[in-house]
Structures are given as C-alpha cells and as structure tokens.
There are 2 protein chains.
Amino acid sequence: MLSFRYTEAMNAPRTARERARIELTREILQAARRQLGEVGAVGLSLRSVARELGMASSAIYRYFASRDELLTALLVESYTEIGDAAEGADDPAARPAERWLAVWRGVREWSLANRHEYALLFGTPVPGYAAPHLTTQIAGRMPLTLARITADAKRAGLLDPPPAPVCDPSAITPEMLVLLEGMAFSVDETARLILAWNRLVGVIGYELHGHLENVTADDAAFFDYTARTAAAFNGIATG
Amino acid sequence: MLSFRYTEAMNAPRTARERARIELTREILQAARRQLGEVGAVGLSLRSVARELGMASSAIYRYFASRDELLTALLVESYTEIGDAAEGADDPAARPAERWLAVWRGVREWSLANRHEYALLFGTPVPGYAAPHLTTQIAGRMPLTLARITADAKRAGLLDPPPAPVCDPSAITPEMLVLLEGMAFSVDETARLILAWNRLVGVIGYELHGHLENVTADDAAFFDYTARTAAAFNGIATG
DNA sequence: AAGCCGCAAGAGCGGTGCTCTCGTTTCGGT
DNA sequence: ACCGAAACGAGAGCACCGCTCTTGCGGCTT
C-alpha cells in the first residue's frame, strides 16, 4: 500500500516537497494506468513508466516500493471504477428487471472498455503478485448493487424465484450470510446472488478472453440473454 | 506447432538421430510441464527448462522455435487431459443427474490438481501469446461430454427444463447450432449448454483464483450446489 | 571417403525488477 | 541564519528473461 506519510499528506500538503510528491505520484499512476490499458498487468513495466516520465527507473521506487505496490494501487482504482459503473447504471426508480439488465450492461461496458483492468480484477492472478485483501467497501460495491436490486424487488413483493436446488448453509461464509441476511435474504437467495455475480463476471471474461469466439455470434445479444437468465434465476421476472 | 518433420518422425523413427530428437523433445515437454505446474505460464522460462536438462538455452530452440510454441504444446496436452478427466468421469450407464455431477466433479478435481494448466486453458491470456485456434476435437471434448449427457437424457425422455428466457438464435454461431442440432438440441437448449459449460469453468476459476475466498466456506459443497443448479437449469432433474 | 547437415554451445542484444551508492536539494528545529 | 537529517534523482550493477548469430563438432548419406 501507499505509505502512511503519503496518504496523510494527501489531505493537507504543507510543503512544496509534499505537493511535488503527490503530483508525481499521481503522474506515475496515470502513466501506469495508461500502460496497463495497453499491455496488461504482466506487461506493465516500472522501467517503461519511468521512461515515459523521463526519470530514472530507480527513482520510481521512492514512490512505490515495488511493482506489486503499483499494481495494488491500480487494483483499487479499478475496483472503484467498476463499482461506479455498476452503481451509476442503476436507476432505483426503474423496475427490477430493467435495473438488473442496466447494471449488467454497465459492468460489461466498463469491462469491454477496460479489458486489462478487468483481467487485473477477475482474471488469473499475476504470478508473484499476491493481491491484498480489499475491503467490502471497495471490492463489494458491484455485487452489492445486484443484491440491492434484488432486495428492493423482494420488499416490493416482486421476487419470484423458480424452484431450484437448496444450498447447504455451511457452504457459505457466515460473514456473507449475516451480511445478506441483514438485507432479509435467505440462504438460498444468498447462494443465488453469489452465482449471479459469478455468472456476470464469468460471461464477460469469456467474451473478453475469446473463449466464446466460435460459440457466440452476437456477444451483446448473448450477454443480454445471460443477464435475463440470471435475473429469472434470482426471481426477478423478466418484463 | 511442432514441425512437420517431427510429427512425421514420431510414427516411424528411423535413425538414431531421430530417436534422440523425439526423446529429447519429450524430455523438454516433461520438464516444461513440471515447471508450468510450479510457476505457471508466465513464469515458465525456456532458460530454466534448459538448465534443468543441463543444456544451453539456445539448444532448446532446435526443438521449439519459440516459447509460444512450447506453450502451445502444453496447451494441447492440457486440453487432452481435461477432456480425459471429463470423459473418464462419465459413466454412461448411470442416471443423468449422477453423470452430470460426476463429470463436473471430475473436471474440478483435475483443475484443482492442475491449477496452472487450468489457467493456461481458461484464464487470462498470456500476454504476447496468441493461442492458436484448436480443433473441436481437442478443445471441445469437455463441453461435449456435458452435451452428451443431456442428449442421452433427452432421448430417454428425462429432460425437463424449467421455464427460462428464450435465446435469440442469431446470438449463437451457426456452426455451434448445427453441431448441437445434430444432437437434436433446440436453440434454447444449446444456449443453456453454453451457459452450463461457462458456469463450470467459471466457478472453478473463482475457487482457484481466490475470488470466493471470503464468500464460500465449503468450496466443494458450493461447487456441488452449483453443479446441481446448472443441471436443473439444463433440464436434468436432480435425483 | 567426402561432404552435408543436424546439433550443442557460447557470446551477445535489449529487456525486466530491484538494490546500493553518491551527490544534491529541501525541510525542520535550534 | 544555520546545520543536521531526511528526501530525492541518477547511475551502475546484479541476476534474470526471450531470442539470434556464429562456431565447431560429429553423425549420416551419397
């Protein structure tokens, strides 16, 4: 993570040096993000970022202690963006089925426009890089948007899940259960939400990584079909 | 791909030189596979393979023209193994629901035991490495096993899919449609099979990459739940 | 027997992450 | 106003990577 000093100074830069540090840190992050979008996480090189900024490669280490630390900063940035995309696509005034589809499409659009960032979030872990445990506040915004839609539908009496196998409560983490039980979800509803989230991320990944290349002809149409399918499975009637 | 000469000689090694070449090629592949299992695809290094075999790094290039070519060989090997795992887990005499679960579990077990190979097949593409288009014969064995089970169930009159959104036929590739229509599947049944295959691979990836870390408590149980869910969605009644 | 050709090895190129040192600049406290 | 400490940028260097080119050895074929 960024050093304590840095996050501290972010809020109140007092000296010229601190302002310069914040500025340069931001520039490094911007350049890194640009390069991430071009060559992906494993192609991202500290030396290349340094070259772009006209500084020595060793100087970068004054700002990010390692390549992993830089990746983590990009990870947080990406989680925030995909959370924004999900929440921004949600119109709480619309009907549940429309909200569900809108959020799915919003997440897909962000992912298509930021495929390397998507890979950093949900793809194969970058070898040698152990992603830190991020807070639900950061990583959970996207899945929680789906939960919120479902909860609203349930509150409105519009939830009508089809018959499905029951899920053993012990299969799911207690934290997860209490989190969603706080939204009045049952174990099975929780399990179905996990599957929906898994489905959303999975089908985008398949489209992005080309595994659906000779399988689907119209990826957008197949994605919408998938979204409606997941909505129906979670009890949100497709209007 | 491997050179024509090599594949040619595989069947009829005539000279000592050719035998030695085949033998050494096999040893390189074995060492590479071992290292793949340890450090993953992007960590796999030709120089390290050469070191393990006690030869100069440049000598490897006599056998594999590039690192990508070596990766492709490992890709084919892995597809074959996961196809074996799927087909091997299938007992055509058993009931459809049991066959379905057995195949899912077989694929999961292979994946857990070969996580880096799984990542090579279904994970984020290795940057700079463009996976070749593999034949259905190689890459399609695993998903086709699921299709076969479903087809057998349908033939026996045991297929009973729940109501679900319909899929626009134009969303799916014509080749895919004719392939599965050859097994008497409708468009919707085909779409559901694609989703099932996607789900199987996706949920394993999530378990493998740690994205379900604080979500599921008993991964095997949640996986079985997922398998039963997918079976039901595809019309295979859970016994 | 002669020559061709497959082969392994070595050196080398440009790239990577990361470390250490060195001289400079800036900041904070006296 | 000054001085020590801390921060800083640059450079050299280490061990690694994929890949190429040259060189020389030794089996294989004609």
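Note on naming: letters A, B, ... go to the chains in the order of the sequence lines (proteins, then strands), and numbering restarts at 1 for each one.
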Rounded to whole Å, the CG-C1' distance (Leu70(A) to dT16(C)) equals 15 Å
Reckon Tyr63(A) has a side-chain N or O less than 4.0 Å from the OP1 or OP2 of dA7(D)?
no
Hits for ring pair (Phe, Tyr, Trp, His ring centres under 6.0 Å) against Phe223(A), two or more places apart or cross-chain, chain-then-number order -> Trp104(A)
At under 4.0 Å between heavy atoms, which parts of nucleotides 18-30 of chain C does protein reach? Answer with one letter per nucleotide, 5' to 3': B base, S sugar-phosphate only, - none.
BBB----BBSS--
Examine distances only and state if a side-chain atom of Asn234(B) and a backbone atom of Arg192(B) form a donor-acceptor pair shorter than 3.5 Å.
yes
So, the side chain of Arg99(A) versus the backbone of Arg148(A): is there a donor-acceptor pair under 3.5 Å, distance only?
no
Separation of dC8(D) atom P from Ile28(A) atom CD1, nearest Å, is 10 Å
Under the rule for ring pair (Phe, Tyr, Trp, His ring centres under 6.0 Å), what residues qualify as partners of Tyr118(A), not counting sequence neighbours?
Phe122(A)
Would you classify Leu44(A) as touching base, sugar-phosphate or nothing, given that sugar-phosphate means primed atoms plus P, OP1 and OP2, and contacts are heavy atoms under 4.0 Å?
sugar-phosphate
As a test of reading the structure: which of dG9(D), dC17(D), dC8(D) is closest to the side chain of Ala59(A), going by heavy atoms?
dG9(D)
Round to a whole Å and report the spacing from CD of Glu69(B) to P of dG18(D).
15 Å
For Ser48(B) and Leu44(B), indicate whether the former's side chain and the latter's backbone hold a donor-acceptor pair under 3.5 Å.
no
Whole angstrom is fine here: how far is it from CD1 in Ile22(A) over to C1' in dA7(D)?
15 Å
For a quick test of reading the model: is some side-chain N or O of Arg21(A) closer than 4.0 Å to OP1 or OP2 of dC8(D)?
yes
Looking at every strand, decide which applies to Leu24(B) at a 4.0 Å heavy-atom threshold: base, sugar-phosphate, or nothing.
sugar-phosphate
Whole angstrom value for the distance that separates C1' of dA10(D) from CG of Leu53(A)
15 Å
According to a strict under-4.0 Å criterion, is Ser45(A) in side-chain N/O contact with OP1 or OP2 of dG17(C)?
yes
How close or far is atom P of dA10(D) from atom CD1 of Ile60(A), stated in whole angstroms?
10 Å
Scan side-chain atoms only and decide if Ser66(A) and Asp68(A) contain a donor-acceptor pair under the 3.5 Å cut-off.
no
Quick test of your reading of the model: are Arg105(A) and Glu109(A) salt-bridged, counting only N-O distances below 4.0 Å?
no
From CZ of Arg51(A) over to C1' of dT16(C), roughly how many Å is that when rounded to an integer?
10 Å
